[in-house]
Amino acid sequence: MGDSVSDDQYESCVPVTSFLTNGPILVPEDSVSIHDADEEIFLIYTALQGLPSQDQANLRGLGFLDSKRDVVELRFNLTGLVAQPSVSAASRKGKKKQAPREITQSVEYQLLQDKTALRSRKGDTGSVVWKASIDFGRFVLQEHKFPSARSLFDSGKLKHCHVLELGAGTGLLSLIFSPLVQRYTVTDTADLVGLIQKNVKHSYPGWPNISEGSPGANIAVESLDWIELQTCSHAGRKRLLTNIPAPIDVLLVVDCIYHPNLVPPLLAAIDHLSTPDHTQVLVLSELRSEEVLREFLEGWMNITGWNIWHIGGDLLQDQHYVLWVGQKQSPSDS
């Protein structure tokens, strides 16, 4: 995962003067508020073109992990430094202070895929695991196991949050985030709800009929079609969102920007689901089509009230992604 643009390339941009309000996402001080979509996109793709040729060759199209397997096994090896056990004053005499030691912890997940749907159902891309979800999931787990002063999330606040994910696909991030939050609502189109439910049940046997407080009990799987949400009446929207409690504290949009026809309904969903001065929106996208990404960012910035930041510094480590965080202001604050 990575910051796609070096700080000096943003010297003409306005630096962040405040953090997002009320929520668990921490915007590093070297992030910048975006005021010009064309400049943002230009800088991102200029940095991408500056990568070594072998890295440019690794651009991955739609970024599937492996569309030929029915089951994908994922193993995250998380490495960090821990302090050595303390010793008594007497035993410390004449000894140098011990340096922290490196340890590795592993976390494993098993995900079911629907490789047949990928080939037979027009427009289906969520029935297999995408690399962006794996990379972001690894980042979240690493940060949780070995927190640092430059964490993206305040874990103390996150554990009290309702997180909703749009376009969740196989549901990997619901399995990663559920132990870290109060409620996790995982959404996608009706065609994919069954696959997500199978994966949640596979990791948490008995779900959804498990006791409150048990692992996985805080995961809710809901059908949510952005196009339907955009085009239906006010009464229709209320019906679509009956099972989704408000407010949403964090709205996750991970690798959902790839088809120009889906940009307007995705933006409408983000705007409709966000409570001003409260919901924090995290958008992570792999760098594919420059035109589609520009259309998304321009459209987001053109919706009244939104403040959007490019997450900067060395928080992430892969220039094939961009990470934006947004929050909408209420009219009285604008």
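Hydrogens, waters and symmetry mates are skipped; everything else that's a heavy atom, side chains included, is used. Predicted model, so just to flag it, every value in this text is computed and none were measured. Residues: numbered from 1 along the sequence shown.
- Under the salt bridge (Lys or Arg N to Asp or Glu O under 4.0 Å) criterion, Arg138 pairs with Asp135, not counting sequence neighbours.
- Counting all heavy atoms, side chain and backbone alike, Lys157 lies closest to Gly23 at CD-O, 3.5 Å.
- Smallest separation of non-hydrogen atoms from Val253 and Cys256: CG1-CB, 3.8 Å.
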Query raised in the report: When you look at Asn307 and Ser33, which way does the side-chain contact (heavy atoms from CB on, under 4.5 Å) test go after all the steps?
Result: CA-CA 7 Å; Asn307 294 318; Ser33 180; 5.5 Å; no

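- The side-chain hydrogen bond (donor to acceptor under 3.5 Å, both in side chains) search around Ser233 returns none, not counting sequence neighbours.
- The two residues His160 and Gln182 have their closest heavy-atom pair at O-OE1, 3.4 Å.
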Requested in this report: Would you sort out whether Ser285 and Phe296 count as a side-chain contact (heavy atoms from CB on, under 4.5 Å), showing the intermediate values?
Outcome: CA-CA 11 Å; Ser285 183; Phe296 173 84; over 6 Å; no

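- Residue Phe76 qualifies as enclosed at atom CZ: its count of foreign heavy atoms under 6.0 Å is above 12.
- Contact check for Pro265 versus Leu229: no side-chain heavy atoms found under the 4.5 Å cut-off.
- Under the 3.5 Å distance criterion, with hydrogens and angles disregarded, no donor-acceptor pair is assigned to the side chains of Gln280 and Gln327.
- Side-chain contact between Leu224 and Leu241 is present, with heavy atoms from C-beta onward closer than 4.5 Å.
- When the salt bridge (Lys or Arg N to Asp or Glu O under 4.0 Å) test is applied to Glu298, no partner is found at least two apart in sequence or on another chain.
- Shown here are the salt bridge (Lys or Arg N to Asp or Glu O under 4.0 Å) partners of Glu108, two or more places apart in sequence or in another chain: Arg75.
- Scored by the side-chain hydrogen bond (donor to acceptor under 3.5 Å, both in side chains) test, Arg183 finds Thr185 as partners (sequence neighbours excluded).
- Annotation: side-chain hydrogen bond (donor to acceptor under 3.5 Å, both in side chains) contacts of Ser214 (sequence neighbours excluded): Ser211.
- Residues that satisfy the side chain to side chain contact (heavy atoms under 4.5 Å, CB included) test with Ser174, not counting sequence neighbours, are Tyr184, Val186, Val200, Ile219.
- Counting only distance, with no hydrogens or angles, the side chain of Asp114 and the backbone of Ser127 share no donor-acceptor pair below 3.5 Å.
- Between Ser31 and His310, the closest heavy-atom pair is CB-O, 3.1 Å.
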Return a table of donor-acceptor pairs under 3.5 angstrom between the side chains of residues 266-273 and protein atoms on other chains or two or more places apart.
unit_1 : atom_1 : unit_2 : atom_2 : d
Asp271 : OD1    : Trp306 : NE1    : 2.9
Asp271 : OD1    : Lys328 : NZ     : 2.8
Asp271 : OD2    : Lys328 : NZ     : 3.4

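- Partners of Arg101 according to the salt bridge (Lys or Arg N to Asp or Glu O under 4.0 Å) rule, which considers only residues two or more places apart in sequence or in another chain, do not exist here.
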Query raised in the report: Run the side-chain contact (heavy atoms from CB on, under 4.5 Å) check on His320 and Leu287 step by step: do they pass?
Result: CA-CA 6 Å; His320 294 93; Leu287 300 181; 5.6 Å; no

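- Scanning for side chain to side chain contact (heavy atoms under 4.5 Å, CB included) contacts around Thr275 gives Pro247, His278, Thr279, with sequence neighbours left out.
- Under the 3.5 Å distance criterion, the side-chain polar atoms of Ser223 are left unmatched by any main-chain donor or acceptor of Thr189.
- Here salt bridge (charged side-chain N to carboxylate O under 4.0 Å, His left out) pairs that include residues 214-230, with residues two or more places apart or in two chains, are Glu228-Arg239.
- Classification of the Phe139-Phe136 ring pair by plane angle, with boundaries at 30° and 60°, yields parallel.
- A 4.5 Å side-chain heavy-atom check between Tyr109 and Leu141 finds at least one atom pair inside the cut-off.
- The hydrophobic cluster containing Val82 also contains Leu78, counting ILVMFWY residues as joined when their side-chain heavy atoms lie under 4.5 angstrom apart, directly or transitively.
- For the side-chain contact (heavy atoms from CB on, under 4.5 Å) test with Arg288, the passing option among Ile257, Leu293, Asp255 is Asp255; the others fail.
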Report task. Could you check Asp249 against Val163 for side-chain contact (heavy atoms from CB on, under 4.5 Å), going step by step and ending with a plain yes or no? Result -> CA-CA 6 Å; Asp249 301 305; Val163 177; 5.9 Å; no

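- Sorted pairs that involve residues 185-212 and meet ring-ring contact (aromatic ring centres under 6.0 Å, His included), not counting sequence neighbours, are lacking altogether.
- Proximity of a side-chain donor or acceptor of Glu143 to a complementary backbone N or O of Leu152 within less than 3.5 Å is detected.
- Asp188 places a side-chain N or O within 3.5 Å of a backbone atom of Gly169 that can act as its donor or acceptor partner.
- In terms of heavy-atom proximity, Cys161 sits nearest to Val181 at O-CB, 3.7 Å.
- When all heavy atoms of Gly156 and Asp154 are compared, the closest pair comes out as N-OD1, 3.0 Å.
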Query raised in the report: How far apart are the C-alpha atoms of Ser330 and Asp277, what are their side-chain angles, what is the distance that settles it, and do they pass the side chain to side chain donor-acceptor pair (under 3.5 Å) test?
Result: CA-CA 6 Å; Ser330 61; Asp277 301 323; 2.6 Å; yes

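- Using modelled atom types, no side-chain atom of Glu290 and backbone atom of Tyr45 make a donor-acceptor pair closer than 3.5 Å.
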